[in-house]
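Below: the structure, in structure tokens.
What you are looking at is a predicted structure, and each value in this text was computed from that prediction instead of being measured.
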Amino acid sequence: MQTIIDSLNVMTIYEAIAMLLAIAYILLAVKQSLWCWPAAFVSTLIYTILFFDVSLLMDSALNAYYLIMAVYGWYSWKFGGKLQEQELEVSSFSLIKNIKIIFVLTLISLAFGYVMANYTSADFAYIDSFTTVFAVFTTYMLAKKILENWVYWIVIDVVSIYIYIQKGLNLTAILFVIYTVLAFVAFKKWKEEYDKKATKTA
């Protein structure tokens with residue numbers, strides 16, 4: 001019994017560290033600071049292990065993907081501009097393109113959900129697959145500074161809050177509440193910058 005309690009305490013400590021780094025990541029991302037990516041790397045490394053331990057297999061795989069995207073995101077933001085070594089600027093997808101993306105990602109989510117529900121021990125197979133599939137593409141959008149990534153994150157975060165409460169990851173649920181609020185803030189901030197640049201270009 002004591003061993004189980006000690007294990008839970010250790011898990012809570014690591015969850016708290018991951019949570020603080022994740023908050024640092026989102027705050028830095030709002031400001032478009034390159035330091036958001038190192039914070040994301042360490043945070044997602046911890047979450048990869050934690051989610052695997054509580055049988056959220058898709059979330060664990062997602063965070064392993066985040067490790068790679070943290071490196072790619074740093075490189076993309078630093079050197080992804082049209083001119084060599086020019087930092088990337090905020091851009092936007094059209095409504096039609098977003099609708100196509102949502103349609104395709106939903107089909108992929110249903111396929112993954114079926115596999116996870118029928119061939120693995122994963123909990124919340126369909127919901128977890130939905131958040132994972134959409135988060136994979138939305139992370140790419142963030143790495144490319146696509147404005148609408150924040151709208152996608154708001155939906156993903158709200159659904160994730162329910163999952164984490166059900167799995168007893170209360171600190172992580174609180175983190176995603178903070179994520180949701182900050183995603184609104186980030187969208188507003190990025191849109192203001194995008195609109196200013198669009199006006200100057202026009």
Side-chain angles (χ1 to χ4, degrees), residues 8-30 36-37 39-67 69-70 73 98 101-102 105-106 108-110 112-114 116-117 120-143 146-191:
L8 288 173
N9 288 336
V10 170
M11 186 172 76
T12 302
I13 291 170
Y14 279 113
E15 186 184 2
I17 294 170
M19 175 183 175
L20 291 173
L21 287 170
I23 291 172
Y25 155 69
I26 197 73
L27 288 172
L28 291 166
V30 171
C36 72
W37 298 111
F41 185 90
V42 179
S43 176
T44 54
L45 177 61
I46 297 172
Y47 273 125
T48 299
I49 299 168
L50 287 180
F51 287 141
F52 184 83
D53 285 344
V54 296
S55 296
L56 290 175
L57 305 184
M58 289 295 282
D59 272 356
S60 181
L62 174 62
N63 276 270
Y65 163 77
Y66 285 160
L67 290 174
M69 289 304 293
N98 278 297
I101 289 169
I102 292 169
L105 293 182
T106 298
I108 295 172
S109 299
L110 290 172
F112 269 106
Y114 178 82
M116 299 302 289
T120 76
S121 59
D123 293 333
F124 302 102
Y126 283 97
I127 301 176
D128 197 22
S129 294
F130 167 84
T131 56
T132 300
V133 169
F134 272 80
V136 165
F137 190 78
T138 306
T139 303
Y140 170 78
M141 291 172 68
L142 176 58
I146 305 300
L147 175 63
E148 292 80 17
N149 90 87
W150 297 114
V151 178
Y152 285 58
W153 280 126
I154 289 167
V155 178
I156 294 167
D157 293 344
V158 169
V159 175
S160 296
I161 290 167
Y162 168 76
I163 296 175
Y164 298 140
I165 289 174
Q166 294 300 311
K167 296 302 295 186
L169 295 170
N170 296 323
L171 287 178
T172 303
I174 292 170
L175 169 64
F176 274 70
V177 171
I178 296 170
Y179 267 179
T180 304
V181 174
L182 290 177
F184 276 104
V185 174
F187 178 78
K188 182 176 181 296
K189 220 174 146 66
W190 281 34
K191 191 173 189 308

Inset, instruction - Decide side-chain contact (heavy atoms from CB on, under 4.5 Å) for Y152 and I102; before the verdict, give the C-alpha distance in whole Å, the side-chain angles of both, and the deciding distance to 0.1 Å. - result: CA-CA 9 Å; Y152 285 58; I102 292 169; 3.8 Å; yes

Legend entry - Point-to-point distance, once rounded to the nearest 0.5 Å, from CZ of F187 to CG of L147: 4.5 Å

Inset, instruction - With sequence neighbours left out, write down each residue that passes side-chain contact (heavy atoms from CB on, under 4.5 Å) with L142, or none if nothing qualifies. - result: Y25, W37, W77, N149, W150, W153, W190

Inset, instruction - With rounding to the nearest 0.5 Å, note down the distance linking OG1 in T44 to CE in M69. - result: 11.5 Å

Inset, instruction - Return the minimal non-hydrogen interatomic distance between I178 and M19, and the atom names on each side. - result: CD1-CE, 4.3 Å

Legend entry - For Y47, ring-ring contact (aromatic ring centres under 6.0 Å, His included) partners two or more places apart: F51

Legend entry - Within the 6.0 Å centroid threshold, strictly below: F176 and Y179: yes

Inset, instruction - Assess whether side-chain contact (heavy atoms from CB on, under 4.5 Å) is satisfied between F112 and T132, documenting all intermediate values. - result: CA-CA 10 Å; F112 269 106; T132 300; over 6 Å; no

Legend entry - Residues F41, L67; criterion side-chain contact (heavy atoms from CB on, under 4.5 Å); working and verdict: CA-CA 5 Å; F41 185 90; L67 290 174; 4.0 Å; yes

Inset, instruction - Measure across I161 and A173 and return the closest heavy-atom pair with its distance rounded to 0.1 Å. - result: CG1-O, 3.9 Å

Inset, instruction - Determine the minimum heavy-atom distance between T48 and A64, stating which atoms define it. - result: OG1-N, 3.3 Å

Legend entry - Heavy-atom closest pair, residues A125 and S129: O-OG, 2.7 Å

Inset, instruction - Would you indicate whether Y140, at its atom OH, is surrounded by more than 12 heavy atoms from other residues, nucleotides or ligands within a distance under 6.0 Å? - result: no

Inset, instruction - Can you measure from CG (D157) to CD1 (I26) and round to the nearest 0.5 angstrom? - result: 7.5 Å

Legend entry - Heavy-atom closest pair, residues N170 and E15: N-OE2, 4.0 Å

Inset, instruction - Count the heavy atoms of every other residue, nucleotide or ligand shown that sit under 6.0 Å from CZ of F184, and state whether that count exceeds 12. - result: no

Inset, instruction - Report the distance from atom OG1 of T139 to atom OH of Y65, rounding to the nearest 0.5 Å. - result: 5.0 Å

Legend entry - Shortest non-hydrogen contact from L21 toward A39: O-CB, 3.7 Å

Legend entry - CD1-CG distance between I17 and L20, expressed to the nearest 0.5 angstrom: 8.0 Å

Inset, instruction - To the nearest 0.5 Å, tell me how far I154 CD1 sits from T138 OG1. - result: 11.0 Å

Legend entry - Flag if over 12 foreign heavy atoms under 6.0 Å of CZ, F134: yes

